[in-house]
Every structure is written in structure tokens, then in C-alpha cells.
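Only one structure is covered here, and it is reproduced in the block below.
Whatever order the structure lists ligands and atoms in, that order sets their numbers, starting from 1. Keep in mind the model is a prediction, meaning the values are calculated, not measured. Below, each value reflects all heavy atoms present in this structure, side chains not excepted, and no hydrogens, waters or symmetry copies.
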Amino acid sequence: MSKHFQFQQIGIVHSCYKEKFGIPRQPGLVTESSAAIELLPPYNRADTLDGLEGFSHIWVHFVFHQCIQENWKAKVRPPRLGGKKKVGVFASRATHRPNPIGLSVVALNGIRIEGKRVFIDILGIDLLDQTPVLDIKPYLPYADSLPNATGGFAPTPAPLKPVHFTELAQNRINVYKEQYHRDLRPLIEQVIGQDPRPSYLISKLDKKHGNKLWNTNVIWTAKKDGLWITDIEFPEE
Ligand code: SAM
């Protein structure tokens, strides 16, 4: 008889990724991505983080809150295998699992105390905005990094595709930087360079796509010579 455990949500993610489409498959692939984990009461105490500043990376245990589903499947189709071949769910990092729990190692970019609010700034994430956080632990290089480990059907990251910007798109990036003091270009290059399209769309050219990053919608299309950013929509002040 399976046991049921009660977990407490200790934090919530404020992420640059406002929708699942476009989030990389694993952390560390989009180094320009950033988020803040806000600790929730009663865990929003700065002393819970004493000593964490000495670690460059942290493990984040979280809930795939947008994948909560009744049933689970024994086999899944990892995107790395083109969505065709199936592997066992426990041989994958799929989001649809018996317990929708994710595990990501991310770069620690600082700790911020703002009145009663405690934030842990992180970089190189694969976490959707508002992701519930169950636990945070320091990454221990002596125990966690295994240079001789083998990677099965996912030995290396998928290659980045060339990303080009139309003049209009570059002008929009310049306006956005003036208004919001954030250079979107490197983040867009890394996110769209992952080619977030589902495998069945990968060969389709000239179809319009949109990715919500921060408070923008990045419009792009695939051409023969790569992925073209054609416009960037955002609220003008
Ligand atoms: N690194 C984690 C792991 O291995 O457990 C996550 C890997 S999973 C393949 C990464 C994907 O999870 C992202 O591309 C995104 O589509 C999805 N994701 C991220 N946060 C999510 C959330 N809160 N709810 C549902 N899906 C989420």
C-alpha cells in the first residue's frame, strides 16, 4: 500500500519564463535565464540561509504544478528522441511522473532581504513562473559532480541553432533596454536557439511563433538559414 506524505511548500519561483513553451529541458542550458525563489512564511527567515552564500550552486526540489494529472504512464516519449521512441518514466526527466517533483541545479546569484521578504536569486534555470518550491540544498561538488558518469540516451545537450534578428527586432530590443534596463538579446539567443518547437513542427518553415519572456512576447519564425526574431511586443511606458 503506497504511503502518502505531507510536503510543505517553502517557496515560490518568480521566473523570466511566463509559459512552459521555450523553457529549456534542463538547467544550465540558458545561462542568461534568471529567477528569484521567494521563501514563504514561516520559512521566510534569513537565518535559514546562513552559510548558503559559500556555495556557487544550489539544488531546487519543486513541483511541476502545471503538470499535475490524475494518472501516470510507465513509458514516456523524451523530446531528445524526437518524440517517437519511448523510455521508462524513471529513465527520463519527464514532467509527467507519479509524483510531479522536479530537481534542478542552478547557479546561486545572491540572497536579498526586503523587509519580511527573503529572495534567493538564481541563474541558468528551467523553472516556470510561480513554480512551488519544496526544498533547497547546497550543491556539493565532491559528492554531486561525477565526471565519469554516462548519460544514456542524453549524453550531451542538443546543439544550439543560429538565431538572427531583423532590424525591427533589434530596434525593439534597444527600446526595451532604454525602458526596462534589461538587454534581452543574449536571453533570446539562448532560449530560441534551443528551438523550442515540438518535434512535429521542427521541419516547418515560415510559421509564426511567440515566446513569453519577462513581460515581452518574442515573435520568431524558422527559415532555411536559422531562426529569425522578427518582433518583440511589450508594454510601452
Ligand atoms: N531539471 C528538472 C528535472 O530534471 O527534474 C526539470 C526537467 S523538465 C524536462 C524541464 C521542463 O519542465 C521545462 O522545459 C518546462 O517545460 C517544464 N516545467 C518547468 N517548470 C514547470 C512547472 N512548474 N510545471 C510544469 N512544467 C514545468
Side-chain angles (χ1 to χ4, degrees), residues 7-38 40 57-73 75-83 85-108 120 122-139 144-146 149-161 187-188 190-202 209-214 218:
F7 287 109
Q8 307 297 323
Q9 178 180 352
I10 62 130
I12 191 161
V13 176
H14 304 292
S15 168
C16 62
Y17 297 121
K18 304 302 179 185
E19 62 180 351
K20 278 196 296 179
F21 180 54
I23 303 181
R25 307 266 183 244
Q26 283 303 328
L29 296 176
V30 177
T31 53
E32 289 291 327
S33 57
S34 57
I37 300 173
E38 180 175 5
L40 298 177
H57 291 74
I58 61 173
W59 288 110
V60 182
H61 294 264
F62 62 92
V63 178
F64 289 115
H65 76 295
Q66 280 205 0
C67 285
I68 308 276
Q69 38 146 44
E70 295 318 307
N71 55 354
W72 63 279
K73 292 196 180 72
K75 301 205 80 170
V76 293
R77 295 172 196 273
R80 285 303 296 267
L81 300 176
K85 200 163 167 298
K86 284 188 172 184
V87 298
V89 64
F90 298 136
S92 82
R93 301 291 278 263
T95 53
H96 289 80
R97 324 177 67 78
N99 293 299
I101 296 172
L103 172 65
S104 293
V105 59
V106 295
L108 177 62
I120 301 149
I122 52 178
L123 296 171
I125 61 163
D126 58 348
L127 304 168
L128 177 62
D129 197 37
Q130 305 302 302
T131 291
V133 175
L134 299 175
D135 199 5
I136 293 163
K137 298 179 181 180
Y139 175 83
D144 297 335
S145 67
L146 306 165
T150 55
F153 61 83
T156 55
L160 273 185
K161 289 190 180 170
L187 176 63
I188 293 172
Q190 288 184 355
V191 168
I192 309 301
Q194 306 277 323
D195 195 348
R197 292 175 296 168
S199 26
Y200 65 88
L201 280 181
I202 286 290
H209 303 282
N211 273 89
K212 290 190 175 45
L213 289 174
W214 295 116
V218 178

Original post:
What pairs with Lys85 under salt bridge (Lys or Arg N to Asp or Glu O under 4.0 Å), at least two apart in sequence or on another chain?
Top reply: none
**OP:** Sequence neighbours left out, what passes salt bridge (Lys or Arg N to Asp or Glu O under 4.0 Å) with Glu38? Give chain and number order.
**Re:** Arg117
**OP:** Of all the heavy-atom pairs spanning Thr131 and Val63, show the shortest one and how long it is.
**Re:**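 Smallest heavy-atom distance, with atoms named: CG2-O, 3.6 Å.
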Subject >> Every residue of the protein that comes under 4.0 Å of ligand 1, judged on heavy atoms >> reply: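 Contacts of ligand 1 under 4.0 Å: Lys20, Ile23, Pro24, Arg25, Gln26, Pro27, Phe62, Val63, Phe64, His65, Gln66, Cys67, Arg93, Thr95, Gly102, Leu103, Ser104, Asp126, Leu127, Leu128, Thr131.
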Original post:
Which word best sums up how the rings of His209 and Phe21 line up, parallel for under 30°, tilted for 30 to 60°, or perpendicular for over 60°?
Top reply: tilted
Original post:
Any donor and acceptor pair, going by atom type alone, linking the side chain of Ser104 with main-chain N or O of Pro27 inside 3.5 Å?
Top reply: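 No, Ser104 side chain to Pro27 backbone: no donor-acceptor pair under 3.5 Å.
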**OP:** Would you mind listing every side chain to side chain donor-acceptor pair (under 3.5 Å) that reaches into residues 88-100, with sequence neighbours excluded?
**Re:**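 Passing the test, one end in residues 88-100: no pairs.
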